Visitor: 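Below: one structure in C-alpha cells.
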Amino acid sequence: QVHLVESGGGLVQAGGSLRLSCAASGRTFTSYAMAWFRQAPGKEREFVAAISWSGGSTYHTAAVKGRFTISRDNAKNTVYLQMNSLKPEDTAVYYCAADGEEPELNIAQGHTMRPDEYEYWGQGTQVTVSS
C-alpha cells in the first residue's frame with residue numbers, strides 16, 4: 001500500500017506560479033513511476049506529467065510543456081510539479097498517482113498517460129487560476 005498526500009494548491013493570478021508536492025509513505029517509493037493528473041469540473045481526468053522511478057525520464061503533455069516541470073526527491077519520498085505561467089484553463093483539482101507496473105514509463109504504448117494504469121492516488125489539491 002502507498003499513501004499519497006498532495007499539497008501546495010491555491011488561488012493564483014494568471015501568469016503566476018505554484019509548486020505542488022506529493023508526499024508518499026508505505027512501500028518503497030523507488031518502485032514506482034509517479035505522475036500528476038488533473039480534473040476540471042465536468043471534464044474527465046487528464047494526464048499532466050510523469051517521471052520514472054529514478055527521475056531520469058520525464059514526460060509532459062503538450063498543454064503544459066515548457067510551463068510545468070515534474071521532479072522527484074527519492075530521499076524525501078516526494079514528487080513535485082512546478083507550475084509557471086499559469087493560465088485560467090489550468091484550473092482543476094490536481095492528483096498525484098503511483099504506477100508500479102511501468103516504473104521506467106511507457107509512453108509509446110500509452111500506458112503512462114492512462115489513469116486506470118495507476119494503482120495509488122492522492123486526495124487531490126485544488127488549483128484555481130484567475131484571469
Side-chain angles (χ1 to χ4, degrees):
Q1 188 77 11
V2 176
H3 186 56
L4 303 173
V5 179
E6 301 97 335
S7 61
L11 174 64
V12 64
Q13 288 189 331
S17 298
L18 284 174
R19 189 176 83 153
L20 305 184
S21 299
C22 173
S25 60
R27 291 193 173 184
T28 306
F29 185 59
T30 52
S31 296
Y32 297 89
M34 299 296 296
W36 289 95
F37 288 79
R38 66 186 180 186
Q39 189 166 19
K43 295 188 176 181
E44 293 187 352
R45 191 166 297 190
E46 66 171 351
F47 172 82
V48 176
I51 188 165
S52 62
W53 72 272
S54 66
S57 297
T58 62
Y59 183 75
H60 298 77
T61 194
V64 307
K65 198 168 186 179
R67 300 189 298 122
F68 293 10
T69 303
I70 190 170
S71 63
R72 66 190 293 165
D73 184 339
N74 286 340
K76 295 183 178 179
N77 286 1
T78 302
V79 62
Y80 304 98
L81 186 68
Q82 178 66 45
M83 305 187 295
N84 299 328
S85 302
L86 282 159
K87 304 175 181 180
E89 51 264 43
D90 295 318
T91 295
V93 178
Y94 283 71
Y95 299 89
C96 70
D99 173 22
E101 184 175 344
E102 294 279 4
E104 291 286 0
L105 305 188
N106 181 343
I107 308 301
Q109 296 178 335
H111 173 103
T112 293
M113 292 80 85
R114 289 194 291 265
D116 58 1
E117 300 290 358
Y118 288 78
E119 299 101 310
Y120 302 105
W121 292 84
Q123 83 289 348
T125 186
Q126 176 71 46
V127 172
T128 303
V129 185
S130 63
S131 57

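Being a predicted model, the structure only gives us computed values, none of them experimental.
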Visitor: Backbone N or O of I70 within a donor-acceptor pair of the H60 side chain at under 3.5 Å?
Guide: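 The answer is yes, because a donor-acceptor pair under 3.5 Å joins these two groups.
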Visitor: I'd like to check D73 versus Y80 (side-chain heavy atoms, cut-off strictly below 4.5 Å). Are they in contact?
Guide: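 D73 reaches Y80 side chain to side chain.
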Visitor: One pair to check against side-chain contact (heavy atoms from CB on, under 4.5 Å): R38 and R45. What are the steps and the verdict?
Guide: CA-CA 6 Å; R38 66 186 180 186; R45 191 166 297 190; over 6 Å; no
Visitor: Judged by atom type as modelled, is there a donor-acceptor pair below 3.5 Å linking the side chain of N106 to the main-chain atoms of Q109?
Guide: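 Indeed, once roles are kept as given, a pair shorter than 3.5 Å links the two residues.
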Visitor: What pair of heavy atoms forms the shortest contact from S57 to L105, and how long is it?
Guide: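 Here S57 and L105 meet closest at O-CD1, 3.8 Å.
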Visitor: Judged by atom type as modelled, is there a donor-acceptor pair below 3.5 Å linking the side chain of E6 to the main-chain atoms of G124?
Guide: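 Side chain of E6 to backbone of G124, a donor-acceptor pair under 3.5 Å: yes, one is there.
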Visitor: State, with a plain yes or no, whether a side-chain heavy atom of L86 is found less than 4.5 Å away from one of F68.
Guide: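 Yes, their side chains come closer than 4.5 Å.
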Visitor: Are D99 and Y120 packed together at the side-chain level, in the sense that at least one heavy-atom pair is separated by less than 4.5 angstrom?
Guide: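 No - every pair of side-chain heavy atoms lies 4.5 Å or more apart.
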Visitor: Please give me the minimum heavy-atom distance between P88 and S131, naming the atom from each residue.
Guide: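 So the minimum-distance heavy-atom pair works out to CG-CB, 3.8 Å.
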Visitor: List the atom of P103, the atom of S31, and the distance in Å for their closest heavy-atom pair.
Guide: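 It is CB-O, 3.7 Å.
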Visitor: Keeping the roles fixed (side chain from Y118, backbone from T112), state whether a donor-acceptor pair exists under 3.5 Å.
Guide: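 Yes, the answer is positive, given that a donor and an acceptor are paired below the 3.5 Å cut-off.
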Visitor: Is any side-chain heavy atom of M34 less than 4.5 Å from a side-chain heavy atom of R72?
Guide: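 SC-SC contact between M34 and R72 confirmed.
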Visitor: Would you say the rings of Y95 and F37 are close, in the sense that their centroids are separated by under 6.0 Å?
Guide: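 So the answer is no for these two rings.
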Visitor: Please give me the minimum heavy-atom distance between N84 and S17, naming the atom from each residue.
Guide: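 Of all heavy-atom pairs spanning N84 and S17, the closest is OD1-OG, 2.9 Å.
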Visitor: Would a distance-only check, ignoring hydrogens and angles, find a side-chain to backbone donor-acceptor pair under 3.5 Å from T125 to G9?
Guide: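 Yes.
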Visitor: With a 4.5 Å heavy-atom cut-off, do M113 and E46 have their side chains touching?
Guide: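 In short, these two side chains do not touch, never coming nearer than 4.5 Å.
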Visitor: Look at the side-chain heavy atoms of Ile, Leu, Val, Met, Phe, Trp and Tyr, link any pair under 4.5 Å apart, and say whether V2 and V79 land in one connected group.
Guide: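 V2 clusters together with V79.
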Visitor: Please give me the minimum heavy-atom distance between A98 and Y32, naming the atom from each residue.
Guide: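 Scanning both residues, the minimum pair turns out to be CB-CD2, 3.9 Å.
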Visitor: Could you check whether any side-chain heavy atom of L81 comes within less than 4.5 Å of a side-chain heavy atom of T69, counting everything from C-beta outward?
Guide: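 Sidechains of T69 and L81: no contact.
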Visitor: Below 4.5 Å, heavy atoms only, C-beta onward: do W121 and P115 meet side chain to side chain?
Guide: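 The answer is yes, as the side chains (C-beta and beyond) meet within the 4.5 Å cut-off.
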Visitor: Mind checking whether Y59 and Y94 sit in one hydrophobic cluster, side chains of I, L, V, M, F, W, Y counted as touching below 4.5 Å?
Guide: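 In one cluster with Y59: Y94, no.
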Visitor: Looking at R67 and S85, would you say the former's side chain and the latter's main chain have a donor-acceptor pair under 3.5 Å?
Guide: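 Yes, because the side chain of R67 sits within donor-acceptor range (under 3.5 Å) of the backbone of S85.
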Visitor: For the pair T28 (side chain) and T30 (backbone), establish whether a donor and an acceptor sit closer than 3.5 Å, ignoring hydrogens and angles.
Guide: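 Side chain of T28 to backbone of T30: no pair is present.
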Visitor: Could you tell me whether the side chain of V12 reaches within less than 4.5 Å of the side chain of T128, counting heavy atoms only?
Guide: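 Side chain of T128 against side chain of V12, heavy atoms only: no contact under 4.5 Å found.
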Visitor: Nearest heavy-atom pair of Q39 and K43: which atoms, and what distance?
Guide: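 Heavy atoms of Q39 and K43 come nearest at NE2-O, 3.1 Å.
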Visitor: Is a donor on one side and an acceptor on the other found under 3.5 Å between the side chain of T78 and the backbone of K76?
Guide: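 Side chain of T78 to backbone of K76, a donor-acceptor pair under 3.5 Å: yes, one is there.
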Visitor: Any sub-3.5 Å donor-acceptor pair from Q1's side-chain atoms to G26's backbone N or O?
Guide: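 Side chain of Q1 to backbone of G26: no pair is present.
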Visitor: I51 and L4: same hydrophobic cluster, using ILVMFWY side-chain contacts below 4.5 Å?
Guide: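 Yes, same cluster.
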Visitor: In the single-linkage hydrophobic clustering (I, L, V, M, F, W, Y; side-chain heavy atoms under 4.5 Å), do W36 and F47 co-cluster?
Guide: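 Result: no, two separate clusters.
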Visitor: Would you say the side-chain atoms of T91 pair up with the backbone N or O of V129, donor to acceptor, closer than 3.5 Å?
Guide: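 Yes: the side chain of T91 pairs with the backbone of V129.
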Visitor: Measuring from atom NE2 of H3 to atom OG of S25, what distance do you get when rounded to the nearest 0.5 angstrom?
Guide: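 Reported to 0.5 Å precision, the distance equals 5.5 Å.
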